Amino acid sequence: MDADVSDSPGTPAEPDRPDDSAGGGPADGSDGGSADGTWAERPRPGPGNGRRPWLRWTALAASFLVLVAAGVGWWLYKKLDGNISTDTSAAAELKAYEKERPRPIARGARNILLIGSDTRSGDNSRYGRDDGGSQRSDTTILLHLAADRESATAVSIPRDLMAEIPSCHKDDGKATKKQFAQFNWAFELGGTACTIRTVEKMTGVRVDHHMVIDFNGFKDMVDAVDGVEVCLKEPVDDADARLKLPAGRQKLDGEAALGYVRARKSIGDGSDTERMDRQQKFLGALVNKMQSNGVLLNPARLYPVLDAATKSLTTDQGLDSLRDLYDLVRGMRNVPTEKVQFLTVPRKEYRADPNRDELVQPDADRLFTQLRKDEPVTVVPAEEIKSGDSQADHSSGKDPSGQKPGDSDVSPTPAPTYSGSNAADDPCGS
């Protein structure tokens with residue numbers, strides 16, 4: 001039999017294998033056993049001669065890590081989502097009075113009513129006596145987000161402002177009487193829905209959403225961003241506010257920050273007006289801290305802020321999920337800090353009681369019209385207002401040229417400006 005034919009019948013010789021030498025053995029002189037010369041007996045991949053098992057284990061490990069990360073992410077999402085309380089009673093009350101509520105004008109703009117609750121019940125009992133769980137709105141801010149999301153205007157409404165409070169329903173279902181009283185009574189009498197209806201009646205602005213946050217929520221948010229800087233002209237020692245601070249620039253933790261924004265008699269002139277100005281500047285510093293430190297863009301840093309906020313947050317059904325809140329934050333994160341503005345409604349001492357406020361007209365209505373129509377609102381520091389001018393004078397929109405309407409060279413009446421601040425302002429003014 002020829003040398004190039006295998007002993008195994010029916011199995012062809014390897015196609016590319018060179019001819020054997022004349023002696024019948026392999027050309028390299030190795031043992032000429034027939035097994036190595038067939039396709040059927042070629043070595044197969046195994047643990048010792050391939051990398052595929054390592055690739056499989058690596059893929060399995062990566063898949064496991066992805067599943068773990070997804071599980072943790074889902075757990076964190078559900079935890080934050082579950083922190084938020086939904087205010088269903090307010091929705092029912094507002095629906096009952098839908099016909100009397102103002103209609104939205106500017107498409108895409110959003111008006112959110114932020115309410116700081118001064119309830120002393122539960123964990124907040126350390127901040128004062130609990131009067132049977134009753135509460136009033138310690139701070140109320142109407143936040144207007146422009147439709148183009150290039151500006152945000154926060155308007156404080158004084159708690160002592162005299163306002164028309166409509167007939168509202170209490171928790172027990174009983175209706176209150178319509179009355180002219182100080183603004184923060186609305187929250188005590190009829191809760192969030194009554195406050196929203198009072199604001200809408202006063203401003204003509206449709207409130208799209210609302211948020212109620214209590215003391216602990218505010219305090220935890222400040223701690224979550226590692227404190228906020230403020231500047232004091234004089235040292236403060238206020239036992240009622242649990243506040244003792246030196247003068248100058250300093251960083252406040254949550255507990256000190258809460259005392260700082262709530263103190264009334266020990267800082268400045270002791271008025272609620274001064275206190276609101278302090279609150280606005282602090283909120284501006286908080287916004288600036290979150291944007292400048294990249295908190296809104298960093299999930300690891302944003303989580304503790306969201307956790308702190310959602311634990312003490314009650315919202316309407318349109319903002320009661322983490323997704324809704326994230327969409328809201330995402331829409332605001334590119335707003336320049338100088339376009340995040342704070343002001344108080346134009347007001348003055350109430351003629352019948354010096355301890356109460358009333359709106360300055362037509363200045364207040366002009367501001368409310370700008371918000372309704374989503375028109376730009378110009379806010380300037382109080383120092384820039386001419387000496388001797390009140391906020392009412394400065395925000396009146398009068399033409400400083402003294403020209404009368406109808407003059408040929410008269411320019412359009414300038415947009416009114418208001419005394420206030422923005423998030424880019426330095427707390428020490430430097």
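Start at 1 with the first residue, then count along the sequence. None of these values were measured; they are calculated from a predicted model.
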A.B. asks: Should we count CD of Gln179 as having more than 12 external heavy atoms under 6.0 Å?
C.D. replies: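 Yes - once you tally the heavy atoms of other residues, nucleotides and ligands closer than 6.0 Å, there are more than 12.
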A.B. asks: How long is the gap from CG on Asn184 to CZ on Arg159, to the nearest 0.5 Å?
C.D. replies: 6.5 Å
A.B. asks: For Ala146, is there any backbone N or O sitting under 3.5 Å from a side-chain donor or acceptor partner on Arg149?
C.D. replies: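 Yes; at least one donor-acceptor contact below 3.5 Å.
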A.B. asks: Is it the case that the side chain of Asp425 and the backbone of Asn422 share a donor-acceptor pair, with hydrogens and angles ignored and the cut-off at 3.5 Å?
C.D. replies: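 Looks like yes, one N/O pair under 3.5 Å.
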A.B. asks: Taking atom CG of Asp171 as the centre, report whether more than 12 heavy atoms of other residues, nucleotides or ligands fall under 6.0 Å from it.
C.D. replies: no
A.B. asks: Determine which pairs satisfy salt bridge (Lys or Arg N to Asp or Glu O under 4.0 Å) with at least one residue from residues 277-291, sequence neighbours left out, and list them in order.
C.D. replies: Glu274-Arg278, Asp277-Lys281
A.B. asks: Give, for atom CE of Met202 and atom CZ of Arg197, the distance between the pair rounded to the nearest 0.5 Å.
C.D. replies: 13.5 Å
A.B. asks: Will you find, in the side chains of Asp87 and Thr314, an N or O donor that is under 3.5 Å from an N or O acceptor?
C.D. replies: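 Judged by distance alone, the side chains do not pair up.
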A.B. asks: Is a side-chain donor or acceptor of Asp316 paired with a backbone partner of His210 at a separation under 3.5 angstrom?
C.D. replies: yes
A.B. asks: Return yes if some donor-acceptor pair links the side-chain N/O of Asp374 with the main-chain N/O of Ala147 below 3.5 Å, else return no.
C.D. replies: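 Checking the backbone N and O of Ala147 against the side chain of Asp374, a donor-acceptor pair under 3.5 Å is found.
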A.B. asks: Are any of the side-chain heavy atoms of Glu150 and Lys339 separated by less than 4.5 Å?
C.D. replies: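 No; the side chains remain at least 4.5 Å from each other.
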A.B. asks: Does either side chain, that of Ser156 or that of Gln280, offer a donor lying less than 3.5 Å from an acceptor on the other one?
C.D. replies: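 Yes, Gln280 and Ser156 have a side-chain donor paired with an acceptor closer than 3.5 Å.
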A.B. asks: Quick check for you: to the nearest 0.5 Å, what is the distance between Asp214 atom CG and Ser312 atom OG?
C.D. replies: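 Here the interatomic distance stands at 4.0 Å.
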A.B. asks: Taking all heavy atoms of Leu328 and all of Leu145, pick out the closest pair and write down the distance.
C.D. replies: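 It is CD1-CD1, 3.5 Å.
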A.B. asks: Looking only at heavy atoms, what is the nearest atom pair of Val335 and Ala152, with distance?
C.D. replies: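 That would be CG1-N, 4.2 Å.
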A.B. asks: Could you tell me which non-hydrogen atom of Ala257 sits nearest to which non-hydrogen atom of Phe282, and how far apart they are?
C.D. replies: CB-CZ, 3.4 Å
A.B. asks: List the atom of Arg347, the atom of Met276, and the distance in Å for their closest heavy-atom pair.
C.D. replies: NH2-CE, 4.0 Å
A.B. asks: Is there a donor-acceptor pair under 3.5 Å between the side chain of Arg101 and the backbone N or O of Val207?
C.D. replies: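 Yes, the answer is positive, given that a donor and an acceptor are paired below the 3.5 Å cut-off.
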A.B. asks: Got a second to check how far Met290's CE is from Thr337's OG1, nearest 0.5 Å?
C.D. replies: 13.5 Å
A.B. asks: For the side chain to side chain contact (heavy atoms under 4.5 Å, CB included) test, which of Val199, Asp357, Ile165 pairs with Phe183?
C.D. replies: Val199
A.B. asks: Nearest 0.5 Å, please: how far is CD in Glu100 from CG in Leu94?
C.D. replies: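 It is 9.5 Å, given to the nearest 0.5 Å.
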A.B. asks: First locate atom OG of Ser151, then atom NE2 of His144, and finally report the distance between them rounded to the nearest 0.5 Å.
C.D. replies: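 It is 6.5 Å, given to the nearest 0.5 Å.
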A.B. asks: Does one side chain, of Gln370 or Tyr418, offer a donor that lies under 3.5 Å from an acceptor on the other?
C.D. replies: yes
A.B. asks: For the side chain of Arg249 and the backbone of Cys231, is there at least one donor-acceptor N/O pair under 3.5 Å apart?
C.D. replies: no
A.B. asks: Give a yes-or-no answer on whether the side chains of Arg372 and Thr369 include a donor-acceptor pair shorter than 3.5 Å.
C.D. replies: yes
A.B. asks: Is the shortest side-chain N to carboxylate O distance from Glu93 to Lys170 below 4.0 Å?
C.D. replies: no
A.B. asks: Determine the minimum heavy-atom distance between Cys194 and Ala186, stating which atoms define it.
C.D. replies: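 Minimum heavy-atom contact is CB-O, 3.4 Å.
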